[in-house]
> 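Pasting in a structure now, in structure tokens, and then I'll have a few things to ask.
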Amino acid sequence: MKELEKNFNPQSVEKSLYRMWRDKGYFKPADDRKKETFTIVIPPPNVTGQLHMGHALDETLQDILIRYKRMKGYAALWVPGTDHAGIATQIKVEENLRVNEGKTRYDLGREKFLERVWAWKNKYGSRIIEQLETLGSSCDWDRLRFTMDDGLSSAVREVFNNLYEKGLIYRGYRIINWCPKCTTALSDAEVEYAEENGHFWHIRYPVKGSDEYVTVATTRPETMLGDTAVAVNPEDDRYTHLVGKTLILPLVGREIPVVADDYVDREFGTGCVKITPAHDPNDFLVGQRHDLAVIRVMDDGAKINAEGGIYEGMDRYEARAAILKDLEKGGYLVKTEDHVHNVGKCYRCGTTVEPLASDQWFVKMGPMIKPAIDAVKEGRIKFVPERFTKIYINWMENLHDWCISRQLWWGHRIPAFYCDNCGKMTVSRTDIAICPHCGGKVRQDEDVLDTWFSSALWPFSTLGWPKETDDLKRFFPTDVLVTGYDIISFWVSRMIFSSLEQTGKEPFSTVFIHGLVRDAQGRKMSKSLGNGIDPIEIIDKYGADALRFALATGNSPGNDMRFSDEKIEAARNFTNKIWNAARFVLMNLTTNDTTLPDAEKLRVEDKWILSVYNRVTSEVNANIDKFEIGVALSKLYDFVWDIFCDWYIELIKPRLLSENKEDSENAQRVILYVLTGALKLLHPYMPFVTEQLYQALPHDTESIMISAYPEFDEKLCFPEDEAHMAAVTEAIRAIRNRRAEMNVAPSKKAHVHIVTENREAFSESAKVFFKKLASASDVTVCSEYNDEGAVSIITPAARIYIPLGELVDLEAEKKRLEKEAEKVKGEIERIEKKLSNEGFVSKAPAAVIDGERKKLASYKEKLEGIEDTVKNFK
Ligand SMILES: [Zn+2]
Ligand SMILES: [Zn+2]
């Protein structure tokens, strides 16, 4: 046993406790092969990022689960790691280069630029890891992985080759989402849609050799430079005569056909649709069906290219303005309509995405969709909460082929090699320099893979796949994936189909979804609002336990949460409460015995606290098993604060000081047992303070972290004693409340008469509690009590009477009330006099008179109340 400082000082103990846990090897899964495994792989944070509140929540929930399962006897493994985060990291380094050296990546060239990124990674990559440690994360750091380390890179190669060999990866000229600022393709998941006010411009296209024309409407008039047809519905009688005829594209002069295609909705707009195969995904498909030319009119920076004639060199919006002006001048612009539409934005930089036809690599999704949906529909993978199943299935059912090439340098370079000699392409698991077909020199594809291509393999690549490692055999498939709902499409879905395709197994059995951390007013935390809270600052100020507690409080699966100062302060107060309770216990301890006394030696209050503790224990286990992390914590909070500290400790204080050594030690053993149990139950939530206290108290395991998590114990069920004590505590609470309402000081003692049928609950020993906790001078339990003037308090188990005279000094109170009555009478007289004065009543405004009348009524009411009270004193 050691002395505890007066206050808990997280800064002085957290680092050393963390080091102790790590050095002892507690973060590693137990070697014992007979133990069931429990595995979580961390959603890898961006390697150059910093811990934000979203991470803090994500990691806290994972650590709670992993510590819980470890204490439950599982071989628990939490695999940590970081993601190279292609675009995000490259943008940061490019920005840095531009600001500090005025250079672009092209000035440096690929090799030198990548050296810079690696240097950046080496400099900042450990920061996020250190921050994860500060939070108390019990990851096995010896298994730390990085999406671009050798093992994971070879997994990426293997998957690319596997899919390519099965015909599930192909290179094609397709419409992709293009970010002109990041100058790269984006997958559908990387486009965020926002409503914007725009216009519908109605443009007239003349029919060649006639006075006729058709009118098309567009939100992006600059794309007309690339139009290669106008389409109508084949069943639209208004236009059937035009199908096959030729139109003259205004401003450009190109001759384009009118084609008939089911894709056109007759009811929408004029029923005529301009077709720009190079700049719209639907038009691209129409173009394929009608063998139309694909004319791309913009370059990678979204500037008009040579195909755009006089508009060449203009930015897309500049060109739009110029084209509209020219259309108007030429009499082609029929009308301009206001129109609110959804505009796709790059998820990284917010630039409006331009759909472009481009040569890219794709994963063919078709054959992989059904198994990934079935795994969830058949319950092999479960979403918590269940409602996210629908979102997942909906996303999967509407999945297009996945564009996986990115025009970046930072990432896994596409393992395709081109030979300019024979023109053949070779996809290879290893780098090659020589063409296997002709022996000519080859060059590797310039592009890299989408960051999510490697993250999709994370649950099995981190465990050693494609090698049949021990870890893979022992820990895969993993158990729970903890993640936010915002990356179900980016990540969760891709891990599921990738794992099923590559390993034939589900990557995890449960997806535990959490919401976002919002500010106190419920707003998203963002740089622009300046309302972000830095978790590291919170840890520095309040300690990691307080942050974890605040994040877990009220947490319910799938729902956003608010983070406020009140929450963090409540967390700190709770830590102090436990600390003080443990200090009190420690100061009164004369025994080292961590076991419980025999049941017959236990008093009613002992059985009560043990029984309540046992029930809470069983509920907490059940709640955590159901991922009700917040519910479990609030039960623990109430138990520790209210039941244990405010009741049990108060109830047994006299026994601790008692001459009866055996009774005193029995009380000590119970309080030590319950306190230690509560610390263990709380440990996954608040690892540091619970360990610090555990170490100070007599304990039987080296560390609380590897002690057994408390579970329901039949021997600790004392339902009768629990019910009796519940009746007593309820009565005491009711008396206290009434006394507080009446403003009676606790020092003012009064005789308590209890009328009850439950004589057992209100036994001799219970009377002591009333004296100690309900300011009772004496307690009489009776079957009847008659005193009309007594204060009566009713609880389900009893009617309680306290003679009023014992609560207040009747004579003094009577005098005070009589004085008060005189004063009120005076006021009444004054107002009555005023109101009977003709002069006042005729001159004063109606509102003033009305006000006086109301005052009079309220004084009269007050007087009546005082007189009633005085009458009761007799
Ligand atoms: Zn961008
Ligand atoms: Zn060749």
Side-chain angles (χ1 to χ4, degrees), residues 1-5 8 17 20 24 71-73 577-618 620-621 636 639-641 643-683 686-687 689-718 721-722 725 765 768-769 772:
M1 273 184 267
K2 56 180 180 187
E3 282 269 317
L4 280 177
E5 282 175 48
F8 178 52
L17 284 176
M20 184 269 281
K24 295 257 186 191
M71 290 174 78
K72 298 273 278 189
K577 185 91 176 175
I578 307 170
W579 186 265
N580 292 336
R583 250 185 117 236
F584 171 79
V585 170
L586 203 52
M587 284 190 302
N588 288 285
L589 227 45
T590 55
T591 172
N592 268 329
D593 195 344
T594 56
T595 65
L596 281 175
D598 293 337
E600 65 270 19
K601 301 257 173 73
L602 296 172
R603 294 233 221 155
V604 59
E605 68 269 27
D606 300 334
K607 291 185 190 164
W608 165 70
I609 191 75
L610 287 168
S611 201
V612 176
Y613 161 77
N614 194 33
R615 190 162 38 74
V616 170
T617 297
S618 140
V620 164
N621 274 273
L636 285 171
F639 174 75
V640 170
W641 191 293
I643 308 288
F644 183 70
C645 293
D646 286 356
W647 285 98
Y648 186 68
I649 292 187
E650 292 305 320
L651 291 174
I652 62 151
K653 267 182 182 168
R655 285 167 69 197
L656 295 176
L657 306 170
S658 152
E659 297 289 310
N660 181 342
K661 192 159 181 285
E662 195 193 358
D663 187 41
S664 168
E665 286 204 354
N666 285 346
Q668 291 177 39
R669 284 162 69 185
V670 173
I671 202 170
L672 183 59
Y673 185 90
V674 175
L675 173 63
T676 306
L679 291 175
K680 288 178 182 175
L681 290 169
L682 279 169
H683 176 74
M686 315 176 83
V689 68
T690 51
E691 179 75 291
Q692 185 73 4
L693 292 175
Y694 184 82
Q695 295 297 340
L697 294 162
H699 54 281
D700 43 22
T701 314
E702 191 177 48
S703 156
I704 194 170
M705 199 181 146
I706 51 163
S707 69
Y709 203 71
E711 286 183 28
F712 176 78
D713 182 353
E714 190 66 53
K715 289 195 296 296
L716 299 183
C717 287
F718 303 104
D721 302 84
E722 200 182 327
M725 272 307 286
S765 57
V768 181
F769 304 145
K772 184 165 165 35

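When a residue number appears, it is its place in the shown sequence, counting from 1.
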> Given the rule in the side chain to side chain contact (heavy atoms under 4.5 Å, CB included) test, do D646 and W641 qualify, once you have shown the distances and angles that lead to the verdict?
CA-CA 6 Å; D646 286 356; W641 191 293; 3.6 Å; yes
> L586 and A696: which non-hydrogen atoms are nearest, and at how many Å?
CD1-O, 3.7 Å
> Distance from T701 atom OG1 to I704 atom CD1, nearest 0.5 Å?
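Atom-to-atom, T701:OG1 and I704:CD1 are 9.0 Å apart.
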> Quick one: OH on Y648 to CD1 on I643, what's the gap to the nearest 0.5 Å?
13.0 Å
> Applying side chain to side chain contact (heavy atoms under 4.5 Å, CB included) to I652 and E605, what does each step give before you reach the verdict?
CA-CA 8 Å; I652 62 151; E605 68 269 27; 4.0 Å; yes
> Within this structure, what is the CG-CD1 distance for the pair L602 and I609, rounded to the nearest 0.5 Å?
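Reported to 0.5 Å precision, the distance equals 12.5 Å.
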> Any idea which heavy atoms bring A708 and K680 closest together, and the distance?
O-CD, 3.6 Å
> Near E650 CD, under 6.0 Å, is it more than 12 heavy atoms from other residues, nucleotides or ligands?
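Yes.
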> Assess whether salt bridge (Lys or Arg N to Asp or Glu O under 4.0 Å) is satisfied between D663 and R603, documenting all intermediate values.
CA-CA 9 Å; D663 187 41; R603 294 233 221 155; 2.5 Å; yes
> Which atom pair, heavy atoms only, marks the closest approach of A582 to L675?
CA-CD2, 3.8 Å
> Carefully, step by step, assess M705 and M20 under the rule side chain to side chain contact (heavy atoms under 4.5 Å, CB included).
CA-CA 11 Å; M705 199 181 146; M20 184 269 281; over 6 Å; no
> Quick one, E665 and K601 - any side-chain contact, counting heavy atoms below 4.5 Å?
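No. Closest side-chain heavy atoms not under 4.5 Å.
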> Can you spot which of D606, N666, N660 makes a side-chain hydrogen bond (donor to acceptor under 3.5 Å, both in side chains) with R655?
D606
> Do T617 and F639 come close enough that some side-chain heavy atom pair is under 4.5 Å?
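No, side chains not in contact.
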> Does a sphere of radius 6.0 Å around CD in E600 hold more than 12 heavy atoms from other residues, nucleotides or ligands, not counting ones at 6.0 Å or beyond?
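Yes, enclosed.
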> Yes or no on side chain to side chain contact (heavy atoms under 4.5 Å, CB included) for V604 and F718, after CA distance, side-chain angles and deciding distance?
CA-CA 9 Å; V604 59; F718 303 104; over 6 Å; no
> The criterion is salt bridge (charged side-chain N to carboxylate O under 4.0 Å, His left out); which residues satisfy it with R669, sequence neighbours excluded?
D593
> Would you check if the side chain of T676 reaches a backbone N or O of Y673 as a donor-acceptor pair within less than 3.5 Å?
no
> When you compare the side chain of E722 with that of L610, does any pair of heavy atoms fall below 4.5 Å?
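They are not in side-chain contact.
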> If you round to the nearest 0.5 Å, how far is SG of C645 from CG of N580?
8.5 Å
> Looking at T594 and P698, what are the two nearest heavy atoms and their distance?
CG2-O, 3.5 Å
> Quick one: are K24 and E702 in side-chain contact, heavy atoms under 4.5 Å?
yes
> Hey, are the side chains of L679 and I578 touching, using non-hydrogen atoms and a 4.5 Å cut-off?
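The answer is yes, as the side chains (C-beta and beyond) meet within the 4.5 Å cut-off.
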> Donor-acceptor check, side chain of N614 to backbone of D713, threshold 3.5 angstrom: yes or no?
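Indeed, once roles are kept as given, a pair shorter than 3.5 Å links the two residues.
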> For residues Y613 and G677, report the shortest heavy-atom separation together with the two atoms involved.
OH-CA, 3.2 Å
> Quick one: are I706 and M71 in side-chain contact, heavy atoms under 4.5 Å?
no
> Would you say the side-chain atoms of Q668 and T590 include a donor-acceptor pair closer than 3.5 Å?
yes
> Between L716 and L596, is any pair of side-chain heavy atoms under 4.5 Å apart?
yes
> Between atom NZ of K607 and atom CG of D721, what is the distance when rounded to the nearest 0.5 Å?
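Here the interatomic distance stands at 4.5 Å.
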> Which pairs with one or both residues in residues 577-604 pass ring pair (Phe, Tyr, Trp, His ring centres under 6.0 Å), sequence neighbours excluded?
F8-W579
> According to the interplanar angle, ranging from 0 to 90°, do the rings of H699 and Y694 count as parallel (below 30°), tilted (30 to 60°) or perpendicular (above 60°)?
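Plane angle between 30° and 60°, so tilted.
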> Who passes side chain to side chain donor-acceptor pair (under 3.5 Å) against S707, sequence neighbours left out?
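Expected list: none.
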> Decide, yes or no, whether a salt bridge links K72 with E711 under the criterion of side-chain N to carboxylate O below 4.0 Å.
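Salt bridge: yes.
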> Would you say N588 and K653 are linked by a side-chain donor-acceptor pair, where the criterion is simply a distance under 3.5 Å?
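No, because no side-chain N or O of K653 sits under 3.5 Å from a partner of the opposite role on N588.
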> Side-chain donor-acceptor pair under 3.5 Å between E691 and S703, yes or no?
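Side-chain D/A pair, E691 to S703: present.
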> Once you round to the nearest 0.5 Å, how far does CZ of F769 lie from CH2 of W647?
10.0 Å
